[in-house]
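Heads up: the structure comes next, in structure tokens.
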Amino acid sequence: MRLSRYFLPVLKEDPKEAQIVSHRLMLRAGMIKQQSAGIYSWLPLGYKVLNRIQQIVHEEQQRAGHIPLLMPTLQSADLWRESGRYDAYGDEMLRLQDRHKRDMLYGPTNEEMVTDIFRSYVSSYKSLPLTLYHIQWKFRDEMRPRFGVMRGREFLMKDGYNFDLTKEDALHAYNRHLVSYLRTYERMGLQAIPMRADGGPIGGDYTHEFLVLADTGESEVFYDSQITDLKFGDRQIDYDDVAQGQAILEEFTSRYARTDETHDEALFAQVPEERRRTARGIEVGQIFYFGTKYSEAMGATVVTETGERVPVHMGSHGIGVSRLLGAIIEASHDDKGIIWPEGVTPFHVGIVNLKQGDGSTDSACEALYRELKAAGLDPLYDDRDERAGAKFATMDLIGLPWRITVGPRGLAENKVELTSRRTGESEAISPQEAIERLKTIYQPVFAAAYH
RNA sequence: CGGGGCGUAGCGCAGCCUGGUAGCGCGACGGUUUUGGGUACCGUAGGCCGGAGGUUCGAAUCCUCUCGCCCCGACCA
């Protein structure tokens, strides 16, 4: 993309309504525009990152064998009356009526609807296991939206639902989700720690929240520092392997890690003192096994091998897709702006032309731009008629992890500068070498994609 | 929902107390200049002062109501 033809309304000054750094940077980098309290338009740059994140979530869900579909945002109140949640949910649920005065709601989640889909078509144990998921906009009418997309009212969420014959099978689905989530977050350059969570009104012991450590996190967390050494990495796994799934669950959840909701001082005291940590975290996902709560209430049953009709065991598993942008920025920024991890960056590399209008720098930049695209990379070429300082400031603000700087000085020796946004380190290399280096840098990102 | 605060140009703000019909910085646009970290100078455009009602000869300014937004708290992916 050529910046002169793009739509990137960056702000030089901080909008006063934004208190935390991710909100401020998203507004300044022209990623979002607030339209109403807790409701945002996604401007091109923000939309691009949102899509990259969605793509990773889709890939990792499908790699785990989960099946995508799409359910509507508006739901009939009747389904929710069946489960009893229409009255239980409270004012956070946005209720409305259509022209026929039928009660509708903007879905805050989809357990009822997916259960309805399941019961309509599935009646045999032979169809199990099954996990359906979608990435769809949700609405929760928060009393006090804040922190930009971290706690909006409208938000994009991936929610998945497993249907299994037995509790044991459902717990394997639970483990499968845990593994897929670990992979998902790592691909986004995040460390999200599974922490024992509170089952809330639904109850149940099998639930973990995934938290990204950040000073601005909404939850206080307590953990054994050893847990931050755990990496999923690129290990090969078989999502059907029950023992392997259980082993990974134990590996990642055996050390103490809890939010204030479930924190237990006595247990925490058993962690060696030098490893005890108290910090803040941002919740970016949750996995949950809840048994037969909805299947019983809504008649989602299957016939077993022996001819018996039983309610299916279910769980639901969410990733806060839009909130992840905020979480990533909270975890990765400096005083100049955002620093995108390679896995989610809106553009792979920025090209800064220091002397726009100069024949040699213009043509060198054009050539780089063309060749980077031909190499499968997505460059942003700052071809505006601006001074170097303004271009650098924009690149730093929007956080592209790599920058190629092209100026007449270097070009005289066939050199451009390749600069890392994260470290600030530069090297003077030929344009061809720069392209090769970027291909190498992004090779793991492309290799992680699932087709 | 309890407590506090703010709505004046695209963004950040002053003016309000002590009514006289709107200003500054940044940005945008046009020029000159400049060219390796938001350059300098000149010029231009842009606002029914959130909305409604009231007081007054006259309201951004005073009064009433209303809408919106932000912060702290309780609540939440």
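Each chain gets a letter, A, B and so on, in the order its sequence line appears, and its residues count up from 1.
For the side-chain contact (heavy atoms from CB on, under 4.5 Å) test, residues two or more places apart in sequence or in another chain that qualify with A:Gln191 are A:Ile193, A:Thr228, A:Lys231. Considering only residues two or more places apart in sequence or on other chains, A:Lys101 meets the side-chain contact (heavy atoms from CB on, under 4.5 Å) condition with A:Gln97. Partners of A:Glu59 by side-chain contact (heavy atoms from CB on, under 4.5 Å), not counting sequence neighbours, listed by chain and number: A:Gln55, A:Arg187, A:Ala449, A:Tyr450.
Nucleotides B:rG23 and B:rG47 are separated by 13 Å at their P atoms, to the nearest Å. Nucleotides B:rG20 and B:rA59 place their C1' atoms 10 Å apart, quoted to the nearest Å. On the P atoms, B:rC17 is 29 Å away from B:rC69, given to the nearest whole Å. Nucleotides B:rC13 and B:rU35 have their P atoms positioned 35 Å apart, rounded to a whole Å. On the P atoms, B:rG46 is 16 Å away from B:rC29, given to the nearest whole Å. Of the P atoms belonging to B:rU44 and B:rG36, the separation is 30 Å, rounded to the nearest Å. Taking atom P in both B:rA22 and B:rC26, one finds a spacing of 23 Å when rounded to whole Å. Spacing of C1' atoms, B:rA14 relative to B:rU56, comes out at 26 Å, to the nearest Å.
Among the heavy atoms of the strands, none lies under 4.0 Å from A:Lys355. Among the protein residues, A:Asp91 comes within range of no part of the nucleic acid, since none of its heavy atoms lies under 4.0 Å from any strand. Among the atoms of the strands shown, only primed sugar atoms or phosphate atoms (P, OP1, OP2) are found under 4.0 Å from some heavy atom of A:Gly389. A:Gly407 comes within 4.0 angstrom of a nucleotide base, judged by non-hydrogen atoms across all strands. At the heavy-atom level, A:Glu417 lies under 4.0 Å from base atoms of the strands shown. A:Gly152 comes within 4.0 angstrom of a base, heavy atoms only.
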Provide a list of protein-nucleic acid N or O atom pairs under 3.5 angstrom, restricted to nucleotides 22-26 of chain B.
from	atom 1	to	atom 2	distance (Å)
B:rG25	N2	A:Glu13	OE1	2.8

Polar atom pairs between nucleotides 31-34 of chain B and protein, under 3.5 Å, N or O only, would you list them?
from	atom 1	to	atom 2	distance (Å)
B:rU34	O2'	A:Arg387	NH1	3.3
B:rU34	O2	A:Arg387	NH1	3.1

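The aromatic rings of A:Phe268 and A:Tyr256 are tilted relative to each other, their planes meeting at an angle between 30° and 60°.
The 5' end of RNA chain B is approached more closely, in terms of each residue's nearest nucleotide, by A:Leu411 than by the other of A:Leu411 and A:Ala18. The residue among A:His23 and A:Arg323 whose nearest nucleotide of RNA chain B is located toward the 5' end is A:His23.
When distances run from any side-chain atom of A:Glu218 to the nucleotides B:rC76, B:rG36, B:rA28, the shortest one goes to B:rC76. Of all nucleotides listed (B:rC76, B:rG38, B:rA28), B:rA28 comes nearest to the side chain of A:Glu386. The nucleotide whose nearest atom lies closest to any side-chain atom of A:Arg28 is, among B:rG36, B:rG38, B:rC70, B:rG38. In the set B:rC13, B:rC75, B:rG38, the nucleotide with an atom closest to the side chain of A:Thr394 is B:rG38. Among B:rC76, B:rC70, B:rG37, the nucleotide with an atom closest to any side-chain atom of A:Glu17 is B:rC70.
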Below 3.5 Å, can you tabulate the donor-acceptor pairs from side chains in residues 406-414 of chain A to any protein atom, sequence neighbours excluded?
none

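If you measure from atom CZ of A:Arg384 to atom C1' of B:rU39, you get 15 Å, rounded to the nearest angstrom. As a whole-Å value, the separation of A:Phe392 CZ from B:rU39 P is 14 Å. What separates CD of A:Glu261 from C1' of B:rA74 is a distance of 14 Å, to the nearest Å. To the nearest angstrom, P of B:rC76 lies 11 Å from CD of A:Glu209. Computed from coordinates, the A:Met143 CE to B:rC72 P distance equals 15 Å when rounded to whole Å. When the P atom of B:rC70 is taken as reference, atom CE of A:Met150 falls 15 Å away, rounded to whole Å.
Residue pairs that meet the side chain to side chain donor-acceptor pair (under 3.5 Å) test with at least one member in residues 86-96 of chain A, sequence neighbours left out, do not exist here. Screening residues 355-372 of chain A for salt bridge (charged side-chain N to carboxylate O under 4.0 Å, His left out), with sequence neighbours left out, gives A:Arg2-A:Glu366. Among residues at least two apart or in separate chains, there is no side chain to side chain donor-acceptor pair (under 3.5 Å) pair with a member in residues 9-18 of chain A. Sorted by first and then second residue, the side chain to side chain donor-acceptor pair (under 3.5 Å) pairs involving residues 216-225 of chain A (not counting sequence neighbours) are A:Thr216-A:Glu330, A:Glu218-A:Arg323, A:Asp224-A:Arg275. Sorted by first and then second residue, the ring-ring contact (aromatic ring centres under 6.0 Å, His included) pairs with a member in residues 341-360 of chain A read A:Tyr6-A:Phe347, A:His348-A:Tyr442, A:His348-A:Phe446; sequence neighbours excluded.
Checking the phosphate oxygens (OP1, OP2) of B:rC69, a side-chain nitrogen or oxygen of A:Ser36 falls inside 4.0 Å. Using a 4.0 Å cut-off, no side-chain N or O of A:Gln34 falls inside it from OP1 or OP2 of B:rG68. At the phosphate of B:rC76, neither OP1 nor OP2 sits under 4.0 Å from any side-chain N or O atom of A:Arg146. The phosphate of B:rC71 has OP1 or OP2 within less than 4.0 Å of a side-chain N or O from A:Arg144.
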Should A:Tyr133 and A:His58 be marked as a ring-ring contact (aromatic ring centres under 6.0 Å, His included) after you check the CA-CA gap, both sets of side-chain angles, and the distance that decides it?
CA-CA 9 Å; A:Tyr133 80 93; A:His58 270 302; 5.6 Å; yes
Passes side-chain contact (heavy atoms from CB on, under 4.5 Å), A:Leu171 versus A:Asp164? Steps please.
CA-CA 9 Å; A:Leu171 290 179; A:Asp164 288 281; over 6 Å; no
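Donor-acceptor pairing under 3.5 Å, judged by distance alone, is absent between the side chain of A:Arg140 and the base of B:rC76.
For the contact set between residues 52-75 of chain A and RNA chain B, defined by any heavy atom under 4.0 Å, there are no members.
Under a 3.5 Å cut-off, the side chain of A:Lys391 and the backbone N or O of A:Asn353 do form a donor-acceptor pair.
Annotation: side chain of A:Met188 is in contact with side chain of A:Leu324 (closest heavy-atom distance under 4.5 Å).
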